[in-house]
Each structure stands twice: as structure tokens, then as C-alpha cells.
Number of protein chains: 4
Amino acid sequence: MRILFLGDIVGEPGRKAVIGRISSLKRELEVDFIIANGENSAAGRGITPKISIQLLRSGIAVLTTGDHIWDQKEIVEYLPTEPRLLRPLNYEEGTPGQGSVVLETAKGKVAVINAQGRTFMNPPLENPFTRVEDEVARLREEEDVKVVFVDFHAETTSESIAMGHHLDGKVSAVVGTHTHVQTADEKILPKGTAHLTDAGMCGPDHSILGRNVESVVWRFKTGMPTRFPVAKGQVRLCGVVVDVDEETGMARSIERYNELLDLGQ
Amino acid sequence: MRILFLGDIVGEPGRKAVIGRISSLKRELEVDFIIANGENSAAGRGITPKISIQLLRSGIAVLTTGDHIWDQKEIVEYLPTEPRLLRPLNYEEGTPGQGSVVLETAKGKVAVINAQGRTFMNPPLENPFTRVEDEVARLREEEDVKVVFVDFHAETTSESIAMGHHLDGKVSAVVGTHTHVQTADEKILPKGTAHLTDAGMCGPDHSILGRNVESVVWRFKTGMPTRFPVAKGQVRLCGVVVDVDEETGMARSIERYNELLDLGQ
Amino acid sequence: MRILFLGDIVGEPGRKAVIGRISSLKRELEVDFIIANGENSAAGRGITPKISIQLLRSGIAVLTTGDHIWDQKEIVEYLPTEPRLLRPLNYEEGTPGQGSVVLETAKGKVAVINAQGRTFMNPPLENPFTRVEDEVARLREEEDVKVVFVDFHAETTSESIAMGHHLDGKVSAVVGTHTHVQTADEKILPKGTAHLTDAGMCGPDHSILGRNVESVVWRFKTGMPTRFPVAKGQVRLCGVVVDVDEETGMARSIERYNELLDLGQ
Amino acid sequence: MRILFLGDIVGEPGRKAVIGRISSLKRELEVDFIIANGENSAAGRGITPKISIQLLRSGIAVLTTGDHIWDQKEIVEYLPTEPRLLRPLNYEEGTPGQGSVVLETAKGKVAVINAQGRTFMNPPLENPFTRVEDEVARLREEEDVKVVFVDFHAETTSESIAMGHHLDGKVSAVVGTHTHVQTADEKILPKGTAHLTDAGMCGPDHSILGRNVESVVWRFKTGMPTRFPVAKGQVRLCGVVVDVDEETGMARSIERYNELLDLGQ
Ligand SMILES: [Fe+2]
Ligand SMILES: [Fe+2]
Ligand SMILES: [Fe+2]
Ligand SMILES: [Fe+2]
Ligand SMILES: [Fe+2]
Ligand SMILES: [Fe+2]
Ligand SMILES: [Fe+2]
Ligand SMILES: [Fe+2]
């Protein structure tokens, strides 16, 4: 089974580009299942129910998120109604929404888990290493699922890579999000889990993490606050394609996907 | 002029691999000038005078560093004696050592600047955006140098990319270090400056930032302290090659370099 | 000369209480000069021109601030017009406003300096230790001022106490703000400078740093965002009275001021 | 029942002063039970088995700790053998040692709980708000204990005060440690729990958090590393006395204790 994962979709430019490209992309990359991180899809801050519906209708099977999950207030009530929109798993029990989902596909069950790191991340959450490990064990036992994809939303490379090794041999893939910059370290770890430190983002190419260049530079230079509008212009889509052996749940290959869309698209 | 920059050299495995490969690499990549970040070359923590001498003798023209600069005590006295070993520029005036150097080459002068970011970095330093900008202006005026290479040692992708845009059109290249993971976002910015968010590291491939996998995973899982020995096994070299137009100082091309060395090497 | 310093004024409750009590307080405490930190006076977030005018009219000679200085947009244009409203000194040159002021009083000149710490503080600013030291030297030389009061806005006790010792013998008093909790460690340092790690706040007593108790507790418990309205009920005023020898500029005494106002006030 | 809590004991000066003063202090303050935070008792870094034994023999009933718990390696094996030496409760299950203890006294059972905050604290631990709440419920039910004292080791005033309110009416007292500076905000919260944001430390008075003044100031000024030896000279003891109604478990009074010992002591 071939899974496409797309990194953080940023604002309207990111959304439009993903929705416009997704059908042809599915065909060209010959993927069976598409996951995308939508934590910045609403003007760069969070996700609304409406946008969640649009993205899921366009062909994305599961939406993951991260530290921006609560940015749009309506999402608190919406999360429990849409099992295909995930929030980080490692919140306390009782938090609205869920951190994992199992879906049936033509090629068997697929589980998606979303968790958030703790180094330089806000708010402080529960231990993602033990929580994800327990959830994987539960899913394998209760749901008898082999294919497990983990979006680990983390700031530092060390925490992201540590999660990969921690889950090596236990899940199909661990892919990082949150830094909005794709890393070039894709590999199959020794026990068969595919890993990429960060998938990158789907958003304006001439930008700083999807935001207007001048605003962010000015902020760093002066220390004074300013607005950070979503940038304009050509969109770059970033993600990763993982080919998983449905029998073992281990990865056969991992390839980065990184495309600068034509202005016409 | 073609410049090769190698990311953070980690421990003995990194050092040996770089020293063993550097001559052939210079030939194969047809580079004129080699810079490397050496902040982790002494057992992962800092750099010693002896190691600095070894690396500079092997063919590296300039060594940059970062937050680990002071890890080895002897370096405080050594820094002022070796202009080709840099510490971050944005320390207060009066700090031992220097943050930039200008060298003569067969193809003209080359300036190298080393600066450190402030987001999630320790210790807190002075504003790298204004300091580097001032230093570039000074070098261009006083030294009449066109080719300027900046190693910006930073934790977050936003600060690293912001520095690239901040210096766009003013320097030849801005390349990040510190995260030890190579990013896949190399590009020539609109005004001619080459940029890569992080060059990656030169160190053991089966590792977490060059350190032993089990130790780091255990630390994240338990929160308890442990030693983090430099890992063993095959070494991966990471860096970037920038081709600079000596007349304008602007970049003609930027290509990532990423090589897993054979065990025999 | 006796100087009263009042800690962070929080919201309308803090403002009203300070304005209502200030005349009687001046008499009772027999103070010659009143300074207050106003960074949270506008609904807990920043300060407006209007509030600045009200507070200065009520009898406060100088208003200091801190990391919340830019929360209200209008303040950017207003700062340069009101020399008695300070922002942290250790911003880059060219930043609107000023970090120090010298005023004439019946008992001679008084200088007030406002600086911001860097540990766990945002945004990252320039070195407050060297900047304040330089400013003190400049004020003593150019303005021939003996009495110098420093509000050091900092998160950690270590940075706050270090600043006190750093300036010991060079200024009359170093008093911390920002944590909103008064510390009990007032003392005259060996060379004559009065020091208190934090002055505390002027705001609702049944609160968490001036904010509604239930909101803040819920945030810590759940990790989910919420609004943090300014709390209601009885107000506590916190600050410190320093008696300075005008001849030497050194402190004769330092006493904490801490008063829970009656509901009627 | 009157309980004396002493803040972080720092190094040999702190240890000697506490041990030398404890008997007379117990008499003078008429306390029935003494708790002390020992996380810095071994040369400022952690605690050894030997020091733990000395302090417990001197008359301290329970030793709490914090983020420095693991600084001395031998403590990992020792912790499970000494139930009166606590580590923060909110580590994952399976961590050596325990975060609470119940002791029998002439006036009935006393429970002590030790937890660690998460804001600006390392390592990241599990939610102290839910963990402590659960532990209090367990202790009340399983152990039928009324008197419960909580040492909450935290950096920020907001987290410390939030914990006080969170446990108000559920425990006898919540006292903060870690900042090494005593706060002046002692109070009985509305439902009967005594609270003090930070108890302060037991260590050298002319110091920065117990460390040598010049070293710490130099570090802040230069950003360069140095050793931070424990300071010398007169010792100040800081803590708090809480009078608890054994029937209800609620506090009758809370008074700060703060004494500068004579040099002869
Ligand atoms: Fe994101
Ligand atoms: Fe994020
Ligand atoms: Fe490094
Ligand atoms: Fe580094
Ligand atoms: Fe404040
Ligand atoms: Fe503040
Ligand atoms: Fe401590
Ligand atoms: Fe501590």
C-alpha cells in the first residue's frame, strides 16, 4: 500500500493548491491513501470545520494537526464529530477529539496516529513516547491493524528522530511536521520503519514558514510585534510517499515529494 | 568560485571521515574553498586546539562553530591565535576570538561570517540580524570583498530562513547549522543569495544527531539523565556546494552534498 | 530622598486602586518620588496613551514597562512623545521610545532606567548587563545624576539578583518586576545599592498574576486555550520604598510595601 | 499540628546551618513535623545517600527534591530504599523512588507530596495538576489521611499559584520551591489551604541562589561558561510554618520563616 503524506497546509494558497492538485497527484504517484497535516489551513492558524470538510472531500483520508489545533474556537465542538480529523494523542484523557483513527481501505486497515513533541513546544503535553507506544500496542491488539502511520509534530530534530527509532519495527512510518521545512534524511530504519524528520509544508514558496517574508524579517530584526500574513505567489507542496508491505506493516520504500506548482495552477 | 561547506563534524567518526575524504572530495566536486563547522568535533562537545589544527591542515580553510564553542576550556586561549577558527560574531565586544575572517584565494578574497540564532538557543547573544548586516557592510567597505559566506547557527527554521532573506543580495550564501539534519530547501533567493536552512552533520549515520540511539531514546522516554556517547558505524557527510560569481558575489547555483561513506573508508 | 516604586499595575482594578490611593499613600509613606510599572494597566495587556496620561496625572512621576510594552498598538507612536513613559532600554538603537529618563525634583535629579531580562523572556533583547552599565555611566557623566533607580523586568530570580549585584555601588536601587509576586528578600547590597528581586503587582488579590483564577487553573490542567480575564474583587498594592542619600546616591533603607485595600476603596 | 517546611538546602553551608539549628528551631517554633527540600544539598547539585541520612537523622521527617534529583548518580539506587526521600511525583510510572509518603506522628498521619512544574522546567514531566489531584484522592481514601503537605517545585509564579488554587480545600498546604527566593505572598486560600509561592532557600546569604556572586554575574554579562561554586559566609534559612487543624486537614495559619544566622553558628 502506497501512502502519501502532505506536510502542514498553510492558508488559502496551501488549501487551494492541495485541493486542485490532489486527484492528479494520486494518479501520478499511484497512492492508495492520503494523509495531510491541516493545523495551519485556516489563514495559517488552525483549522475550521468548513475547511476540514473541504479537505476531506477533496480526497484526503485523514487530517492530522499539532500545536495550532485550538486556534479556531469552533473546532472544540467539531472535533468529537469527525473521527478523521485528529488532534495530538498525548493530551490528557477527556480532551475533546482523538489522537488516532483506523480506517478500512481496499488494501486493508490503516491506522493514523498524531502526537506532539515536548521540547520547545507549547502547551506541555503528556509523554509522547510512552503514549504512542501504548496506542500502537492497543491498535495492533484490538484492531488487528498492521499499517500504522505516525505524524509526530515536533520542534527539534532530536525528538523527531528519537521517536522514529523508538517506534522502529512497531509502525510503518514516523514522519515529522511543524518546522515547515522538509528535511533530506528520509530512510528506512533498521527494523523496517520509514522515517523523515520533517515533511515540510504545503504553502507559498517565497515565504518564511508560509508567512510574509518582510514581516518575519522585521520582527527578528527589531523585536517589535507585527502581523504575519500568509504569503502570496507560487505554492510548493511538500510531503512523502511511503510504500508499506500490508502483510508485515513495514516500509518497503520512502521517497520525499517536493513540487513547486506552476503559477497557473 | 565553488565553495564546499560541511555541516557540524561530530566526534572522532566525523573527523576521521572528513579528513580521509576531503582531498578526493575537493577534486570530485571541483571546489576552490572548503569551510566546515567544527563545534562538535571533540567527542561531540566543542573543539580542541589540536583538532582545529588537524582539520585546518587537512584542507579546510575556515572552521565555524556555534553554541558548543566553549565546551573545551583550552579553546578560550587558543581562539585569539587562530583567525581561521571562528566563534559566533554576535557575542559582546571583548569576547575572545572573532566571528569573521577574510582570506585570499587564487580567485580573490573570501569572507566567512559565523553567527548564532537566539530562538531556543543558549546563551542569549546580541542581535544576529543587525550584527551580521553591519559586519557585511564593514567587510565590503574595508576589505573590498565580494564573496561572503555566512554560517548561521540556529535552532528554528524561521530564524534561519529569515536570516537568508535578510541578507539576500548582500552576501553569497547563508547556510544554517545546529540541527544536524540536512534540509531539502536549497534555493537561490530573489536577489542572488544562496540559502539552505540546515547543512546537516558529518557524523555517524545510525544515530540521533551523532549520538548513540538508545541513550537518547531512553532519555526522552524516561526523563532521566544518561550519558550520550558519540555513535559508531558508517559515517554520513552532509553539506552544500555553492557556486559564486566572483564579480558580483552572488550565487550561480547551490547543491546539497550528502554522502554515506562505505564502511571501509 | 524617599522613592516609592509600585509593581505591575493590572487592569482597571489596579489602575483605579492606585489612582485612588496614591495621594494618601504619598503622605503616609512620606515619599518624594513615585515610579510605577504600567505594562499591564490596559486590561492586563500593555498600556494606552490615555491610561499613561491618567497615571502620570495621578502623581506617578515615571512609568516603566516590560515585555507587554507593545501590546496596545497606539503606544508605538505615543512613546516618543512622552519621555516619562519608558520601554526597556535594551532594545536596538532606533526603537521608538526610550529606556531611561532624568527628572528634576526639589531634592535634585532622579534617573529612572528600565531594562528587560533575557532568560525565558520574549522577544530576545540586547544584553541588559552591559547596556544598563553603559547607560548608568553616561547618565552620571552627562547628567551628573546621583540618584538612579532601575526597574529590571525579568522572569528568573537569578537574572534579577545578578543585576542587583552587577550594579551594586553604581545605582541607588535595582528592583525587579514581571513575576507579579512580591519577594521577601529586600536588602542593601554591600556597596550600597538597594535590591528586591520582585516588587509584586498592583491588582486583584484573589487572582493568578491578576487574572481570573479558574481560567488559569483550567489552562494548566487541560493544556487547552482560554481567555484570561482580569480578576475582580479586593485589590492588593505591592511595591517598595527606598530611602536614598542624595549626596552619594546610595540607599539608606529599603522597605517592602504591601497593602490589601478595603473593598470600599 | 504545626509543620515547618524549609526551602532548598544549598551545599555544605546550608546543610551545616540546618543541622546545627534544627533542634532549637523545633523548640522555638513549636513545630511537630519538619520537611525540607534537599535537591541542592550536595555541593549545590542533588543529594547523596549519605547527606540524606544526615539530614533525616538531624530531625527532618521528610526530604523533598526537584529537578536536581538525579544530579548525584548513587541516588538512583538509593531512592527506592528510603521512602522519606521523595522525587517529583509526576514522572512516569516505573521511575525509581516515590513522589509521596505518609508518616505516623503523635498527632496523626501526615502525607507529603512532591511534584514538579512544567513551565520552563527540564525534563518535561507528566501533568502535575492531574497527578497530584489523583494522588491526594488516593491518599485520602486509601490512607485516610487528613494532613497533606505539597512541595510544588516550579519556576513560574503562575504555575505555582495555580497549583495552590487547584488544590484549595483538598490539601493542608501548597508551598513552592526552586526559585531559591522567598516570596511575600503567604495566605490561606478561600477553602482553607495555606499557600506560599516560594519558600526560599537555606544557603549562603551573599550569593545568587546560593552560588558565588561574581561567577554568576560574569556569566550573565559575557555569555561565557564558568564554574558556579557554592558561596561562602553567613547563611540564611528560609521556610514557612503552617498550623494545620488535624480534624479537617485545613490550615489555621501560615507564617514565613526567614532567619539570617550569626556567623558563629
Ligand atoms: Fe504548522
Ligand atoms: Fe505546529
Ligand atoms: Fe552541532
Ligand atoms: Fe549547535
Ligand atoms: Fe507584568
Ligand atoms: Fe512582564
Ligand atoms: Fe533548588
Ligand atoms: Fe530546582
Side-chain angles (χ1 to χ4, degrees), chain C residues 117-121 127-130 133 154-168 176 178-187 189-190 196-201 205-223 228 236 238 256-258 260, chain D residues 117-121 127-130 133 154-168 176 178-187 189-190 196-201 205-223 228 236 238 256-258 260:
Chain C
R118 303 205 285 190
T119 310
F120 306 143
M121 293 292 280
N127 193 327
F129 288 80
T130 53
E133 194 176 23
E155 174 69 45
T156 66
T157 50
S158 59
E159 194 169 11
S160 188
I161 300 174
M163 183 61 86
H165 285 287
H166 178 56
L167 299 176
D168 186 20
H178 179 66
T179 77
H180 289 209
V181 175
Q182 191 176 69
T183 56
D185 63 339
E186 69 279 9
K187 66 160 88 165
L189 299 175
L196 177 67
T197 295
D198 203 289
M201 72 167 174
D205 187 50
H206 180 69
S207 74
I208 298 176
L209 316 195
R211 305 309 182 111
N212 177 269
V213 166
E214 285 67 35
S215 306
V216 180
V217 169
W218 189 79
R219 165 63 184 232
F220 275 112
K221 192 172 171 186
T222 66
F228 300 114
R236 183 180 293 275
C238 288
R256 284 186 285 114
Y257 161 69
N258 191 320
L260 185 61
Chain D
R118 303 205 285 190
T119 310
F120 306 143
M121 294 290 282
N127 193 327
F129 288 78
T130 51
E133 193 175 23
E155 176 68 44
T156 65
T157 50
S158 59
E159 194 169 10
S160 189
I161 300 174
M163 183 61 87
H165 285 286
H166 178 55
L167 299 177
D168 185 19
H178 179 67
T179 77
H180 289 209
V181 174
Q182 192 176 69
T183 56
D185 63 338
E186 70 279 7
K187 69 160 88 163
L189 299 175
L196 178 66
T197 296
D198 203 290
M201 73 167 172
D205 187 51
H206 180 69
S207 75
I208 297 176
L209 316 196
R211 306 308 182 112
N212 177 269
V213 166
E214 286 69 34
S215 307
V216 180
V217 169
W218 190 80
R219 165 64 186 232
F220 275 112
K221 192 173 170 185
T222 66
F228 302 113
R236 184 181 293 274
C238 288
R256 282 185 287 112
Y257 161 69
N258 190 321
L260 185 61

Query raised in the report: With C/His166, which residues qualify under ring-ring contact (aromatic ring centres under 6.0 Å, His included), at least two apart?
Result: C/Phe129

Report task. Count the heavy-atom pairs under 4.5 Å between each of D/Asn258, D/Ile208, D/Val217 and chain C, then report the option with the highest count. Result -> D/Ile208

Requested in this report: Please look at C/Asp205 and chain D and tell me whether the side chain, the backbone, both or neither of the residue comes under 4.5 angstrom of a heavy atom of that chain.
Outcome: both

Report summary line: Among C/Arg236, C/Arg118, C/Arg256, the residue with the most heavy-atom pairs under 4.5 Å to chain D is C/Arg256

Query raised in the report: Roughly how far, to the nearest 0.5 Å, is the CG atom of C/Leu209 from the OG1 atom of D/Thr156?
Result: 8.0 Å

Query raised in the report: So which of D/Glu214, D/Glu155, D/Arg219 has the biggest tally of heavy-atom pairs under 4.5 Å with chain C?
Result: D/Glu155

Query raised in the report: Which region of D/Pro190, side chain (C-beta onward) or backbone (N, CA, C, O), has a non-hydrogen atom less than 4.5 Å from a non-hydrogen atom of chain C, or is it both or neither?
Result: side chain

Query raised in the report: Which heavy-atom pair separates D/Ala162 from C/Phe220 by the least distance, and what is that distance?
Result: CB-CD1, 3.5 Å

Report task. For the residue pair C/Phe120 and D/Thr119, establish whether any side-chain heavy-atom pair is separated by less than 4.5 Å. Result -> no

Query raised in the report: Hey, which of D/His180, D/Arg211, D/Lys187 has the most heavy atom pairs under 4.5 Å with chain C?
Result: D/Lys187

Query raised in the report: With sequence neighbours excluded, what pairs up with C/Thr197 under the side-chain contact (heavy atoms from CB on, under 4.5 Å) test?
Result: C/Thr157, C/Ser160, C/Ile161, C/Thr183, C/Asp185, C/His195, D/Val181

**Report entry** Straight-line distance of D/Lys221 NZ to C/Met163 CE, nearest 0.5 Å
**Finding:** 10.5 Å

